[in-house]
Amino acid sequence: MTLTDNQRGAAFMTASMAGFAVEDVFVKAAAQSLPLGQVLLTIGLTGMLIFAGMAARAGEALLPPAFLSRAMLIRCGFEITGRLFYGLAITLTALSTTSAILQATPLVVVAGAALVFGEKVSPQRWLAVLLGFAGVLVILRPGSDFSALSLLAVVGLLGFAGRDLATRAAPKGLSNRQLGALGFAMLATAGAILLVVNGGAHVPSGLALVHLAGGTVFGMLGYHALTYAMRTGDVSAVTPFRYTRLIFAMVLAMVLFQERPDLATWLGAALVVGSGIYALTRR
């Protein structure tokens, strides 16, 4: 049976989300014995070097002029913000809650595309965006069990949304390998910033090395699959499969970290995912 571009794109998006969910687990586990800055810096540098080696082997420039374009520099700034604050969120708060909040990223992209690029968004899609934001508020629970640390995930999702929007204005022609090297370089930069501020780096134990290696491998697989997915098939058909990350994250959080999301988290996540799928599949 021959798969269509949309089916291949959806499969790679699902694989990407599984990879990122497992990467989050390894990062959270590694950060229990190492400073988060050291974890992000190590994974970022390792992934960057491997992707750069793959690009060099393919005869691609390691620092193409496109990297220094205005759009790419803006993209890098947003990616550092997203990586930094999302890393803090998964380390300091429940993985299930952080993953649920992150699912609002596509909704912010829809709103940003209308406000920044002037794309036409129907009233129904605007309503879906507002319902998705309401779902985030349900998860955050301001005024009752609100934790200020949950705002780390909100800043992280804004960084990732800004990265995705800047990518749309980025120069064409960059390979998946070049984009992977740049993405992991930004992860390393976020880790270096944290390490400079907090310090405390030390030699990792054998178990910590396993966690770092796992985070690197699954992070690279996720990033490569995501790039391929976004370049295969229709965006509206592929992007909704981003929400499979929440399923993987919830299962892993409950099994490995004994997290038990409460009713508000489940309801908020359902609002975010449902409105997101509607917004992405309607015009």
Are V109 and L131 connected in the hydrophobic side-chain network, where two residues link if heavy atoms are under 4.5 Å apart?
-> no
For the residue pair L179 and M72, establish whether any side-chain heavy-atom pair is separated by less than 4.5 Å.
-> yes
When you look at L140 and I101, which way does the side-chain contact (heavy atoms from CB on, under 4.5 Å) test go after all the steps?
-> CA-CA 8 Å; L140 292 176; I101 293 173; 3.7 Å; yes
Going from CG on L95 to CG on L256, what distance comes out if it is rounded to the nearest 0.5 angstrom?
-> 9.0 Å
Test L194 against L41 for side-chain contact (heavy atoms from CB on, under 4.5 Å), laying out the working first.
-> CA-CA 9 Å; L194 268 180; L41 178 61; over 6 Å; no
Does a side-chain heavy-atom distance below 4.5 Å link L226 with M13?
-> yes
Can you check whether M254 reaches P261 side chain to side chain, under 4.5 Å on heavy atoms?
-> yes
For the student: nearest non-hydrogen atoms of A153 and T98, plus distance | CB-CG2, 3.9 Å
Test item: P35 and H202 side chains (from C-beta on) under 4.5 Å apart, heavy atoms | yes
Can you tell me how far the OG1 atom of T97 sits from the CD1 atom of I90, to the nearest 0.5 Å?
-> 13.0 Å
Starting at CG of D24, measure out to CZ of F218 and round the result to the nearest 0.5 Å.
-> 12.0 Å
Residue pair I43, F184: steps toward the side-chain contact (heavy atoms from CB on, under 4.5 Å) verdict | CA-CA 8 Å; I43 293 176; F184 274 86; 4.1 Å; yes
With sequence neighbours excluded, what pairs up with E259 under the salt bridge (Lys or Arg N to Asp or Glu O under 4.0 Å) test?
-> none
Verify side-chain contact (heavy atoms from CB on, under 4.5 Å) between L34 and L212, making sure each step is shown before the conclusion.
-> CA-CA 10 Å; L34 297 171; L212 291 172; 3.9 Å; yes
Under the ring pair (Phe, Tyr, Trp, His ring centres under 6.0 Å) test, residues paired with F20 that sit two or more places apart = none
With the 4.5 Å side-chain cut-off for hydrophobic clustering, are Y228 and L221 part of the same group?
-> no
With rounding to the nearest 0.5 Å, note down the distance linking CG in L62 to CG in L182.
-> 12.0 Å
How about S33 and L207: do any of their side-chain heavy atoms sit closer than 4.5 Å?
-> no
Examine V251 and L102 and state if one hydrophobic cluster contains both, with Ile, Leu, Val, Met, Phe, Trp and Tyr joined whenever side-chain heavy atoms are less than 4.5 Å apart.
-> yes
Using a 4.5 Å cut-off on heavy atoms from C-beta on, say whether the side chain of Q38 contacts that of P204.
-> yes
Under 3.5 Å, is there a donor-acceptor pair between the side chain of S69 and the main chain of P65?
-> no
Do the non-hydrogen side-chain atoms of F85 and L158 ever get within less than 4.5 Å of each other?
-> no
So how far is it from R83 CZ to L88 CG, rounded to the nearest 0.5 Å?
-> 13.5 Å
For the residue pair T105 and R163, establish whether any side-chain heavy-atom pair is separated by less than 4.5 Å.
-> no
Shortest non-hydrogen contact between A269 and L246, atoms and distance = CB-CD2, 3.7 Å
Co-membership, hydrophobic cluster, residues V25 and I247, 4.5 Å side-chain = no
Is a side-chain donor or acceptor of Q178 paired with a backbone partner of A61 at a separation under 3.5 angstrom?
-> yes
Nearest heavy-atom approach of A166 to A71 is CB-O, 3.9 Å
Any chance CZ of R57 has more than 12 other-residue heavy atoms, nucleotides or ligands included, within less than 6.0 Å?
-> no
Rounded distance (nearest 0.5 Å) linking atom NE2 of H224 with atom CD1 of I50 = 13.0 Å
Over all atoms of both residues, closest heavy-atom pair of Y278 and Q124 | OH-CB, 3.4 Å
Spell out, as yes or no, whether a donor-acceptor pair under 3.5 Å connects the side chain of S275 to the backbone of G132.
-> yes
Are V217 and F12 connected in a single hydrophobic cluster, I mean Ile/Leu/Val/Met/Phe/Trp/Tyr linked by side-chain heavy atoms less than 4.5 Å apart?
-> no
Where F67 and L63 come nearest, the two heavy atoms and their spacing | CD2-CD1, 3.8 Å
Nearest heavy-atom pair of A104 and V272: which atoms, and what distance?
-> N-CG1, 3.6 Å
Sort and list the pairs that fulfil ring pair (Phe, Tyr, Trp, His ring centres under 6.0 Å) and have at least one residue in residues 120-139, not counting sequence neighbours.
-> none
Neighbour count >12 (heavy atoms, 6.0 Å) for atom CZ, F78 | no
Does R125 use its side chain to pair, donor to acceptor, with the backbone of A279 at less than 3.5 Å?
-> yes
